[in-house]
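Notes follow the structure.
Remember, predicted model here, so these are calculated numbers, not experimental data.
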Amino acid sequence: MSVPLAAPPAASADPGAVRRLLSRVGTMCLVELQKLRRDRAELLTRAIQPALWLLIFGETFTRLRAIPTGSTPYLDFLAPGILAQSALFIAIFYGIQIIWERDAGVLGKLLVTPTPRAALVTGKAFAAGVRALAQAVIVLVLAALLGVGLTANPLKLAGAALAVVLGSAFFCCLSIVIAGLVLSRERLMGIGQAITMPLFFGSNALYPVDLMPGWLRVLSHVNPLSYEVDALRGLLIGTANHIWVDFGVLAGSAAVAIAVASALLGRLVR
């Protein structure tokens with residue numbers, strides 16, 4: 001008479017598995033941070049474009065008073081939007097790095113290790129967030145020099161940093177998703193360039209939502225960049241905002257994007 005085998009314990013009930021997963025996520029984040037040490041010059045060159053937006057576009061439209069922003073000076077209104085834009089421009093091409101790692105054989109080696117694919121993607125998302133934060137500091141310093149009324153509250157600054165990281169994580173994973181679909185650098189660059197400006201102009205980064213035509217308002221409400229900008233404005237310059245909704249949308253969007261990017265990662269090496 002055979003003895004029935006006991007069912008294996010559920011993976012979710014094993015705290016060791018959770019610790020191992022978090023440890024591997026942390027390891028991949030550290031690996032990505034090591035790569036960032038070689039890209040200091042790139043961070044400075046990437047800061048040129050947001051600086052031009054603030055110095056030329058912001059200063060000019062502040063003098064023209066062409067865009068009504070209520071009691072908030074236009075340059076103050078614009079600065080959080082340019083901060084979010086700079087993070088978007090960094091993260092949206094992160095899929096190129098994934099394709100380069102595939103061509104170099106690095107990605108295939110990583111995928112055959114016990115490291116979960118979600119840990120690999122989360123490491124990339126974390127790196128995009130850190131890179132965006134480094135550039136955000138430059139943008140904030142320039143904004144302060146131009147007289148933008150930024151908060152000095154450390155909790156609000158920490159909240160703004162979290163908003164930048166979550167927004168960058170989403171757009172980084174969106175880039176990885178596109179890479180998993182198109183499989184080539186050239187197509188990814190073309191799609192990235194095609195969607196970057198619509199994401200930017202279809203958000204509330206440059207003008208209030210109330211000034212948009214109806215169809216653009218609909219696009220703005222489904223654009224995660226709008227929620228990132230809204231959170232940054234509320235935290236950095238104290239405008240009216242929906243902070244919990246903003247962070248809920250950003251966190252949910254990042255989680256979904258990580259899951260989808262993880263599912264498509266293996267398609268790159270087939």
How long is the span from the [atom1] atom in [X] to the [atom2] atom in [Y], to the nearest 0.5 Å?
X      : Y      : atom1 : atom2 : value
Leu232 : Leu140 : CG    : CG    : 8.5 Å
Leu110 : Arg102 : CG    : CZ    : 14.5 Å
Leu83  : Leu133 : CG    : CG    : 9.0 Å
Ser175 : Leu88  : OG    : CG    : 10.5 Å
Leu199 : Leu219 : CG    : CG    : 10.0 Å

[X] with [Y], same ILVMFWY side-chain cluster at under 4.5 Å:
X      : Y      : answer
Leu236 : Leu225 : yes
Leu183 : Trp100 : no
Leu188 : Phe93  : yes
Met189 : Met197 : yes
Ile178 : Val121 : yes

ring-ring contact (aromatic ring centres under 6.0 Å, His included) contacts in which one or both residues fall within residues 163-190, not counting sequence neighbours: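 Counting only pairs at least two positions apart or across chains, no ring-ring contact (aromatic ring centres under 6.0 Å, His included) contact touches residues 163-190.
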
Donor-acceptor pairs under 3.5 Å, side chain of residues 245-261 to any protein atom, not counting sequence neighbours: which ones?
residue, atom, partner, partner atom, Å
Asp246, OD2, Ala231, N, 3.4
Ser253, OG, Val249, O, 2.7

Restricting to side chain to side chain contact (heavy atoms under 4.5 Å, CB included), what partner residues turn up for [X], sequence neighbours left out?
X      : value
Pro213 : Trp215, Leu216
Pro208 : Ile67, Thr69, Phe77, Leu211
Leu146 : Leu54, Leu55, Glu59, Leu75, Leu142
Leu111 : Leu107, Arg117, Leu120, Leu265, Val269

Would you say the side-chain atoms of Arg267 pair up with the backbone N or O of Leu181, donor to acceptor, closer than 3.5 Å?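 Such a contact is found between Arg267 side chain and Leu181 backbone.
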
Does Asp76 reach the main-chain N or O of Gly149 with its side chain, forming a donor-acceptor pair under 3.5 Å?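 Yes; at least one donor-acceptor contact below 3.5 Å.
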
Which ILVMFWY residues are connected to Val141, directly or by a chain of links, through side-chain heavy atoms under 4.5 Å apart?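 Answer for Val141: Val137, Leu145.
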
Under the rule for ring pair (Phe, Tyr, Trp, His ring centres under 6.0 Å), what residues qualify as partners of Phe89, not counting sequence neighbours?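 Expected list: none.
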
Only counting residues at least two apart or in another chain, list the ones meeting ring pair (Phe, Tyr, Trp, His ring centres under 6.0 Å) with Phe61.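 Here the qualifying residues are Phe57.
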
Looking only at non-hydrogen atoms, find the nearest pair between Gly58 and Thr62 and report the distance.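 What the structure gives for the nearest pair is O-OG1, 2.7 Å.
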
Heavy-atom closest contact (Ala132 atom, Ile90 atom, distance):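 So the minimum-distance heavy-atom pair works out to CA-CD1, 4.1 Å.
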
Between [Y] and [X], is there a side-chain heavy-atom distance shorter than 4.5 Å?
X      : Y      : result
Tyr74  : Tyr207 : no
Ile99  : Ser184 : no
Leu206 : Leu78  : yes

With Arg185, which residues qualify under salt bridge (Lys or Arg N to Asp or Glu O under 4.0 Å), at least two apart?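 Arg185 satisfies salt bridge (Lys or Arg N to Asp or Glu O under 4.0 Å) with Asp103 once adjacent residues are dropped.
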
Pair up each side-chain donor or acceptor in residues 155-168 with any protein partner under 3.5 Å, not counting sequence neighbours, and list the distances.
residue, atom, partner, partner atom, Å
Ser168, OG, Val164, O, 2.8

Is it true that Lys124 and Glu101 make a salt bridge, defined as a side-chain N closer than 4.0 Å to a carboxylate O?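 Looking at Glu101 together with Lys124, the answer is yes, because their closest N to O distance falls below 4.0 Å.
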
Write out all pairs satisfying side-chain hydrogen bond (donor to acceptor under 3.5 Å, both in side chains) with one or both partners inside residues 219-240, taking only residues at least two apart or from two chains.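 Listed by first then second residue: Ser220-Ser226.
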
